[in-house]
Number of protein chains: 2
Amino acid sequence: MRATVIHGPNDIRIDEVPDPRIEHPADAVVRVVNACICGSDLWAYRGVASRVAGQRIGHEFLGIVEEVGSEVSGVRPGDFVVAPFVWSDGTCDFCREGLQTSCPHGGFWGEVGSDGGQGEAVRVPYADGTLVQLPKEAAGDEKLLPGMLALSDVMSTGHHAALSARVRPGSTVAVVGDGAVGLCGVLAAHRLGAGRIIALGRHQVRTDIARRFGATDVVADRGEAAVEAVKELTGGQGAQAVLEAVGTEESMRTAISIARDGGAVGYVGVPHGGSAGIDISQMFDRNITLAGGVAPARAYIPELLPDVLSGAIDPGLVFDRTIGLDGVPDGYRAMDDRTALKVRIAF
Amino acid sequence: MRATVIHGPNDIRIDEVPDPRIEHPADAVVRVVNACICGSDLWAYRGVASRVAGQRIGHEFLGIVEEVGSEVSGVRPGDFVVAPFVWSDGTCDFCREGLQTSCPHGGFWGEVGSDGGQGEAVRVPYADGTLVQLPKEAAGDEKLLPGMLALSDVMSTGHHAALSARVRPGSTVAVVGDGAVGLCGVLAAHRLGAGRIIALGRHQVRTDIARRFGATDVVADRGEAAVEAVKELTGGQGAQAVLEAVGTEESMRTAISIARDGGAVGYVGVPHGGSAGIDISQMFDRNITLAGGVAPARAYIPELLPDVLSGAIDPGLVFDRTIGLDGVPDGYRAMDDRTALKVRIAF
């Protein structure tokens, strides 16, 4: 079969690879229907996050179960499923508590020895713990597919940011970052009943989506000017809940500075740049909470899915380009030069 | 009257100062019955935290109201009261929400232009917002005085650490730091129903108090060895709730490292050393929450006081020496060289 392989910085190729097969009795093989490219894939693409030449890539996909191992009872061939961006055994302490990202048997799609999501098929370890059923009739629904696909990562991650930032009905929320996760954070905050949502972003095509997702205000400034703008919008106090969806020092510094005293920063941007953006003295004096991390998408998909299926939320709007597998290298380039927000791969 | 004045590093004196008087209609004057020396006072004593020569010092006291301004209605002359370690107006958004430490009219005892707690009397701004009534009959009760005095800071701060770390009935808790705040954190966690409390400390007189306060385990190691010891005590997982009561880089690093995935670090140690102890990548991968800061003691005193009066908790055990005002310079020396844990000043 064919799959996306990373050979080095800026060197993404579609290669012929061995067909996946059941290797352990808890495995399933899933034929991919839709996958996508993540902003975090770009760290590998740019060489910032190191990869072994020949590693597979892609961690967001949905598809049809093709084959299952002897221990699998939760899904069967023909089922339509979505995978969260990490697999997990579904039975350990952490899985039962809803923190599947800490499962000791868990792993990340594309890590050495595993399949990536950007390929024709994927071997799924711990299929019962990992996969979530989708309605079969939705498998061909071009209107629903993008939203269901977004559950595998960006929408679940935005929801994690909103929960971590303690968004409640009526909250004043600020979202740092206008990438797909930031936009989904806006949508998640809106879904949780936020009273006011200030989106920080400077790309109008993106902030337009933020407004469709529920943003009430947009701040195009950065750094100190952004802090001043958010303070001005909030009577000088800042936002009760801040979603940090970038992961750089500057974005963390901004997020902490625009939080209202006693408020929380929900951080889901993969950290790049260390801890220097965290001013612990400022946090201490103002009782700022820092919560979040890698999102346990597996815990959130069952909660978010009904709202996607009903049309109550449509996180699929973050996809602004759809390509076939052969278009993946171009898709990386487009996301890297920001001519695409998020690229969907239809097989 | 006489009060403690800091003239420079290692230069604490008892000086004659002007008697306090009502300067604003919301003021009260309180005649101090008990005050104490705080571990955080030592930062000023050592010259690490800068002070203007001649500044007053001390932020923990209880006493008898002597005089009130025309706007004061909540206390009257003769009342027995305790002051939290910051004053606050009692009417702003933050005060009403229970985050009095962020009151825009608030301030810290001993800051330039204000009285310190380690003196014969104190002018209390915003007396209605600041002071909490104590039972008059307790004013002469040598058994209750230390516990009530501890509410002004260390017990309330320990409680803040425990709440921030999300201690719940049955929680596995670890407490970094065996100073008075760390010990009160043990007591607060015990009061909240923690199932297991691991106290990290190497001074037996202190860890003995930790055990009296509810610690089930003591770890005398530091750094990596402490992390290993806590992991071993917790089945390899770490503690669900970690209380950080030191404020150094090393203590923060230890606190984050011994937190269980998905757990929270409640930090109340005044930060000295910046943010380098915060490993954001480790926090991200393991979904560690960092919460806490300067404790809104004013919000907690009414909740904790009944348990002190009933004897359900006795945070006063952290005081291991009682002196008169003339003994204060010696008290600083004793706490600085760790021959005293916490010094109480009886007037």
Side-chain angles (χ1 to χ4, degrees), chain A residues 86 92-94 97-104 106 108 160 163-166 235-238 240 244 247-249 252-253 256 259-296 299, chain B residues 86 92-95 97-104 106 108 160 163-166 235-238 240 244 247-249 252-253 256 260-296 299:
Chain A
V86 298
C92 71
D93 287 353
F94 290 108
E97 292 168 22
L99 192 67
Q100 290 89 343
T101 46
S102 288
C103 173
F108 187 77
H160 189 53
L163 289 185
S164 300
R166 303 190 300 235
Q237 294 193 340
Q240 294 163 315
E244 198 294 299
T248 62
E249 269 182 35
M252 185 63 93
R253 191 173 292 116
I256 292 171
R260 184 176 185 271
D261 288 19
V265 174
Y267 69 102
V268 295
V270 182
H272 287 91
S275 301
I278 301 169
D279 180 343
I280 185 70
S281 289
Q282 189 195 158
M283 287 177 62
F284 183 87
D285 290 345
R286 306 202 294 109
N287 268 275
I288 306 297
T289 292
L290 190 57
V294 57
Chain B
V86 299
C92 71
D93 288 354
F94 291 107
C95 283
E97 292 168 23
L99 191 67
Q100 290 88 344
T101 46
S102 288
C103 173
F108 188 77
H160 189 52
L163 289 185
S164 300
R166 302 188 304 232
Q237 293 192 340
Q240 293 163 314
E244 197 293 300
T248 62
E249 269 183 36
M252 184 63 92
R253 190 173 292 115
I256 292 171
R260 184 176 186 269
D261 288 20
V265 174
Y267 69 103
V268 295
V270 181
H272 287 92
S275 301
I278 301 169
D279 181 342
I280 185 70
S281 290
Q282 190 196 157
M283 287 177 62
F284 183 87
D285 290 347
R286 306 202 293 109
N287 269 274
I288 305 298
T289 292
L290 191 57
V294 56

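Chain letters run A, B, ... following the sequence lines, proteins first, then strands; residues in each count from 1. Everything quoted here is computed from the prediction, not taken from an experiment.
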Subject >> Euclidean distance, A:Arg166 CZ relative to B:Thr289 OG1, rounded to 0.5 Å >> reply: 9.0 Å
**OP:** Might you point out which heavy atoms bring B:Asn287 and A:Thr101 nearest each other, and give the distance in Å?
**Re:** ND2-OG1, 3.8 Å
Original post:
Of all of A:Ala291, A:Gly269, A:Gly292, A:Ser281, which one pairs up most often with chain B through heavy atoms under 4.5 Å apart?
Top reply: A:Gly292
**OP:** Specify the closest pair of heavy atoms between B:Val268 and A:Phe284, including all atoms of both residues, with the distance to one decimal.
**Re:** O-CE1, 3.5 Å
Original post:
Backbone N or O of A:Ser275 within a donor-acceptor pair of the B:Ser275 side chain at under 3.5 Å?
Top reply: no
Original post:
Can you say whether B:His160 sits under 4.5 Å from chain A via the side chain, the backbone, both, or neither, judging by heavy atoms?
Top reply: side chain
**OP:** Let me know if B:Leu290 has heavy atoms under 4.5 Å from chain A in its side chain, its backbone, both or neither.
**Re:** both
**OP:** Would you mind telling me which of A:Met252, A:Gln237, A:Arg286 has the largest number of heavy-atom pairs within less than 4.5 Å of chain B?
**Re:** A:Gln237
Original post:
Taking atom CG of B:Asp93 and atom CZ of A:Arg260, what is their separation to the nearest 0.5 Å?
Top reply: 6.0 Å
Original post:
Which pair of non-hydrogen atoms, one from B:Asp261 and one from A:Ser102, has the smallest distance, and what is that distance?
Top reply: OD2-OG, 2.6 Å
Original post:
Which of the residues A:Asp279, A:Ile288, A:Val265 is involved in the greatest number of heavy-atom pairs with chain B at under 4.5 angstrom?
Top reply: A:Ile288
Subject >> Non-hydrogen atoms of A:Tyr267 and B:Ile280 that approach each other most closely >> reply: CE1-CD1, 3.6 Å
